[in-house]
Visitor: 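Dumping the structure here so I can ask a few things about it.
A note on names: the letters A, B, ... follow the listed sequences, proteins ahead of strands, and every chain is numbered from 1.
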Amino acid sequence: MSGRIYRYLAVVVAVIACVLLYAGKRVGWYEDLMFPTWLSILVCILIAASMLWILYRTIKGKPAERRIVFLYVGIAVSLPLLMTISLHVPISSEGQLLYDGMKKLQPGSKVLVSFDYDPPSAPELQPMAVAFIRYCFEHDIKVIIMGLWPQGPQQANLALAKILAEPEIKAKNLVYGVDYVNLGFQSGNEFVIQRMGSDFKSMFPTDYRGTPYDSLPLVRNITNYSGIDYSFNLSAGYPGTREWVLIAVDRFGLILGAGNTAVQTTGMYPYVRSGQLKGILGGMSGAAEIEELTGRLGKGAQFMVAQSFGHMVMVVFIVIGNVAYFLHERKKKRT
Amino acid sequence: MDGVIMHHVALWTAAFLTLGIISFLYRDNAWYKFCEAVFIGISAGYWFVSYFWDNLYGKLWLGIFPTDPTQPPDYILLIGGALGVMMLLRLIPKIGWLSRWPLAFIVGATAGLNLIIYFASNVMVQVEDTIRPLFGANYAASAYDIVGNIVVAVGTFTALIYFFFSKEHKGAFGGAAKVGIFVLMVTFGASFGYTVMSRISLLLGRIDFLMGDWLGVIK
């Protein structure tokens with residue numbers, strides 16, 4: 001059989017497997033496919049052994065092609081989601097600083113949460129949003145939500161739906177407009193932050209649902225940042241944490257903590273050191289940190305295991321790549 | 001019933017598009033190109049609709065013709081509207097030069113705002129933080145903080161020396177520039193490490209969707 005037929009066959013088999021899994025879950029053939037511990041260990045050993053085999057082949061002058069690397073990264077990230085392995089995430093000083101700021105908030109304090117991200121960044125930032133808002137609700141802290149990215153307030157609604165469905169939060173009978181409010185998206189980037197320094201209402205004449213600002217008991221008496229006790233920014237780029245620090249913190253004195261995607265976290269650390277930012281959560285590890293600090297493990301902690309496996313595989317492939325490079329260089333010198 | 005069917009259709013469509021984009025890792029193919037085109041088209045449409053309802057209708061139209069009779073019309077918005085129309089005049093070559101005015105307004109306003117805030121927050125505060133007392137106020141800093149302060153001060157100083165090109169990088173000056181390169185490499189390494197972490201997180205998000213929401217093999 002030719003290679004093309006093999007490829008078509010592989011696609012057909014994959015589609016049939018997906019249909020069976022999809023139907024099986026709905027019909028109730030299985031609950032979930034979590035590996036027992038012995039199988040998890042066996043899978044890890046097999047992956048390690050196969051990578052050693054790749055290293056051996058590389059030394060023998062037969063380097064693996066790039067698709068093998070992609071496949072291994074995919075496997076390393078997927079399989080741990082099926083394993084019953086937990087990972088302790090050490091708390092960074094920046095994460096602890098943020099949590100210390102949260103702990104100072106009294107019941108009834110008003111917190112402004114800006115959702116400045118969209119679905120692609122949700123794996124890192126959504127667990128932070130869920131953990132932070134849940135903490136606020138558990139401690140009777142009022143939450144005011146807004147977004148400088150169009151899809152931010154929708155992400156906030158997803159987080160709210162998840163938290164409000166939890167029995168202990170449900171028992172609190174939280175009321176929209178009194179205990180929490182979603183002011184929605186406002187375009188204008190840093191100019192929105194600037195204008196909010198003098199007049200919240202001018203930027204959010206209505207909330208996400210179209211309710212007039214003055215009809216919302218939680219915010220009707222808030223005119224500017226002086227009515228906010230603490231602010232938390234979830235940022236995936238521009239506009240985001242940098243703009244909040246430069247304008248809301250330095251010009252208007254807002255107290256700000258932040259949760260950032262890993263890719264931009266390094267750029268924000270100087271603001272923590274200088275005290276402009278009261279703590280930061282960076283990427284998936286940051287999400288796992290706040291879950292650990294607030295005592296409710298969720299997606300962040302679950303994903304950290306998969307991410308750590310992914311990193312280990314990448315480190316091994318970097319070593320293999322260097323071995324291949326130096327062997328190639330040595331061969332070139334000899335000839 | 002319709003809602004349930006739509007839920008299944010949405011899940012399969014999302015899975016189809018996710019796998020289509022991932023298929024590029026094997027090689028470029030028609031499935032990937034289709035998914036890419038769908039993504040670009042929907043993104044452009046989404047942004048257009050979002051800004052139309054938020055800016056043109058929500059701010060400009062409702063600002064000038066408010067639905068609330070107690071609210072007075074805000075005619076100053078007409079200036080912004082006129083500048084917006086002028087921006088589009090670049091589509092008519094004969095009077096395209098008019099589009100420079102709104103551009104000049106945007107550049108001027110942004111530069112005016114950013115000049116002050118960047119200088120105050122990014123320059124002054126950061127410089128002040130870099131040259132803080134190495135041993136802390138009243139020598140109260142811990143050993144960890146002292147080492148950190150020294151690393152920051154030396155790192156900043158040597159990195160600045162590396163970017164000083166008016167003197168040849170030789171002798172002690174060259175040595176300091178080399179330390180500066182080392183500091184820059186460490187910075188880029190940390191930044192790259194975080195970037196890898198971020199990209200793996202994106203992959204994790206899609207795998208969580210495929211294995212959780214779609215196939216339901218994980219909780």
Side-chain angles (χ1 to χ4, degrees), chain A residues 18 21-22 24-26 30-34 66-67 70-71 73-74 77-78 81-82 119-124 126 150-151 185-187 190-191 194 205 212 242 245-247 249-251 261-267 270-271 273-276 282-285 299 302-303 306-307 310-311 314, chain B residues 8 11-12 15 19 22 25-27 46-47 50-51 54-55 58-59 62-63 68 71 109-110 113-114 116-118 120-122 125-126 128-130 132 144 148 152 187 190-212 214-219:
Chain A
C18 289
L21 282 169
Y22 188 83
K25 178 72 183 178
R26 270 71 193 172
Y30 61 91
E31 267 305 302
D32 48 54
L33 297 178
M34 298 305 282
R66 65 187 173 86
R67 281 179 281 206
F70 298 150
L71 181 69
V73 171
V77 170
S78 313
L81 295 175
L82 298 169
S121 308
E124 289 174 284
Q126 198 72 5
Q151 289 161 319
F185 159 69
Q186 182 56 274
S187 60
E190 60 264 52
F191 291 97
Q194 168 80 17
R242 189 182 302 276
V245 169
L246 297 184
I247 301 169
V249 173
D250 287 343
R251 293 196 72 176
T261 50
V263 73
Q264 67 167 25
T265 303
T266 43
Y271 296 126
R273 191 182 140 81
S274 63
Q276 291 161 288
M284 195 68 78
S285 60
K299 286 279 182 191
Q302 186 192 0
F303 284 170
Q307 189 158 61
H311 288 179
M314 288 181 78
Chain B
H8 290 298
L11 277 178
W12 278 88
L19 291 172
I22 291 174
L25 294 176
Y26 183 69
R27 69 174 179 207
Y46 182 86
W47 279 95
S50 170
Y51 276 106
D54 187 67
N55 285 352
K59 288 202 187 97
L62 290 182
D68 182 1
Q71 193 184 336
T110 310
L113 179 71
N114 285 347
I116 299 164
I117 59 174
Y118 271 80
S121 302
N122 266 11
V125 178
Q126 292 303 320
E128 185 190 334
D129 188 56
T130 305
R132 66 165 70 163
Y144 177 81
V152 168
T187 310
S191 203
F192 179 68
Y194 262 122
T195 305
V196 170
M197 191 170 154
S198 222
R199 301 301 173 239
I200 294 274
S201 300
L202 293 183
L203 176 64
L204 256 170
R206 293 329 296 161
I207 287 176
D208 181 51
F209 163 75
L210 291 173
M211 292 173 69
W214 183 43
L215 297 178
V217 293
I218 57 169
K219 279 179 189 170

Visitor: If we check side-chain contact (heavy atoms from CB on, under 4.5 Å) with A/S78, which of these qualifies: B/D208, B/I207, B/L210, B/V217?
Guide: B/I207
Visitor: Of all of A/R273, A/Q302, A/H311, which one pairs up most often with chain B through heavy atoms under 4.5 Å apart?
Guide: A/R273
Visitor: Side chain, backbone, both or neither: which part of B/Y51 has a heavy atom under 4.5 Å from chain A?
Guide: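 The side chain, not the backbone.
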Visitor: Checking B/L113 against chain A: side chain, backbone, both or neither under 4.5 Å from a heavy atom?
Guide: side chain
Visitor: Does B/I200 form a side-chain contact (heavy atoms from CB on, under 4.5 Å) with A/V73? I'd like the steps, not just the answer.
Guide: CA-CA 9 Å; B/I200 294 274; A/V73 171; 4.0 Å; yes
Visitor: Flag the one option from B/G193, B/S191, B/G216 with the top tally of heavy-atom pairs under 4.5 Å to chain A.
Guide: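 Greatest number of close heavy-atom pairs with chain A: B/G216.
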Visitor: Of the non-hydrogen atoms in A/T261 and B/S198, which two are nearest, and what is the gap between them?
Guide: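 Reported closest heavy-atom pair: CB-OG, 4.0 Å.
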Visitor: Among the options A/Q186, A/Q264, A/E190, pick out the one with the most heavy-atom pairs lying under 4.5 Å from chain B.
Guide: A/Q186
Visitor: Check the pair B/D129, A/Y271 against side chain to side chain donor-acceptor pair (under 3.5 Å), reporting the backbone distance first and the verdict last.
Guide: CA-CA 10 Å; B/D129 188 56; A/Y271 296 126; over 6 Å; no
Visitor: Passes side chain to side chain donor-acceptor pair (under 3.5 Å), B/S121 versus A/D250? Steps please.
Guide: CA-CA 7 Å; B/S121 302; A/D250 287 343; 2.4 Å; yes
Visitor: Please determine, among A/Q276, A/M34, A/Q194, A/R66, the option with the most heavy-atom pairs under 4.5 Å with chain B.
Guide: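 If we count pairs closer than 4.5 Å to chain B, A/Q276 comes out on top.
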Visitor: So what's closer than 4.5 Å to chain A heavy atoms on B/D68: side chain, backbone, both or neither?
Guide: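 Answer is neither: B/D68 stays 4.5 Å or more from chain A.
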Visitor: Of all the heavy-atom pairs spanning A/K25 and B/L215, show the shortest one and how long it is.
Guide: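 Heavy-atom minimum between the residues: CB-O, 3.6 Å.
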Visitor: Would you mind telling me which of A/G283, A/P205, A/G310, A/S187 has the largest number of heavy-atom pairs within less than 4.5 Å of chain B?
Guide: A/S187
Visitor: Parallel, tilted or perpendicular: which describes the rings of B/W214 and A/Y22, with under 30° parallel and over 60° perpendicular?
Guide: tilted
Visitor: Need one label for B/I22: side chain, backbone, both or neither, based on atoms under 4.5 Å from any heavy atom in chain A.
Guide: neither
Visitor: State the CD1-CZ distance between B/I117 and A/R242, to the nearest 0.5 angstrom.
Guide: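 CZ of A/R242 is found 11.0 Å from CD1 of B/I117.
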Visitor: Using non-hydrogen atoms and a 4.5 Å limit, figure out which bit of A/F303 sits close to chain B: side chain, backbone, both or neither.
Guide: both
Visitor: Tell me, side chain or backbone of B/R132 under 4.5 Å from chain A's heavy atoms, or both, or neither?
Guide: side chain
Visitor: Go through B/L19, B/V152, B/T187, B/N114 and name the one with the most non-hydrogen pairs under 4.5 angstrom from chain A.
Guide: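 Going by pairs under 4.5 Å, I would pick B/V152.
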Visitor: Looking only at non-hydrogen atoms, find the nearest pair between A/R67 and B/L25 and report the distance.
Guide: CG-O, 3.4 Å
Visitor: How close do B/G205 and A/P123 get, heavy atom to heavy atom, and via which atoms?
Guide: CA-CG, 3.4 Å
Visitor: Answer whether the closest heavy-atom distance between the side chains of B/Y194 and A/T265 falls below 4.5 Å.
Guide: yes
Visitor: I'd like to verify something: which residue of B/F209, B/Y26, B/W47 has the highest number of heavy-atom pairs under 4.5 Å with chain A?
Guide: B/Y26
Visitor: Hey, which of B/R199, B/M211, B/E128 has the most heavy atom pairs under 4.5 Å with chain A?
Guide: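 Most heavy-atom pairs within the cutoff with chain A belong to B/M211.
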Visitor: If I measure from the heavy atoms of chain A, does B/S50 come under 4.5 Å with its side chain, its backbone, both, or neither?
Guide: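 For B/S50, side-chain heavy atoms alone lie under 4.5 Å from chain A.
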Visitor: Of the non-hydrogen atoms in A/S274 and B/Q126, which two are nearest, and what is the gap between them?
Guide: OG-NE2, 3.4 Å
Visitor: Which one wins on heavy-atom pair count under 4.5 Å against chain B: A/G74, A/A122, A/P270, A/A306?
Guide: A/P270
Visitor: Which region of A/R251, side chain (C-beta onward) or backbone (N, CA, C, O), has a non-hydrogen atom less than 4.5 Å from a non-hydrogen atom of chain B, or is it both or neither?
Guide: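 Only the side chain of A/R251 comes within 4.5 Å of chain B.
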Visitor: Which answer fits B/T130, side chain, backbone, both or neither, if we ask what part of it has an atom under 4.5 Å from a heavy atom of chain A?
Guide: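 Contact with chain A is absent: no heavy atom of B/T130 under 4.5 Å.
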Visitor: Between B/Y46 and chain A, which part of the residue has a heavy atom less than 4.5 Å away: side chain, backbone, both or neither?
Guide: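 B/Y46 touches chain A through side-chain heavy atoms alone.
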Visitor: Among the options A/L246, A/V245, A/T266, pick out the one with the most heavy-atom pairs lying under 4.5 Å from chain B.
Guide: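 Looking at each option in turn, the highest pair count goes to A/L246.
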Visitor: Would you mind checking which part of B/M197 comes under 4.5 Å of any heavy atom in chain A, side chain (CB onward), backbone (N, CA, C, O), both or neither?
Guide: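 Its backbone and side chain both get close to chain A.
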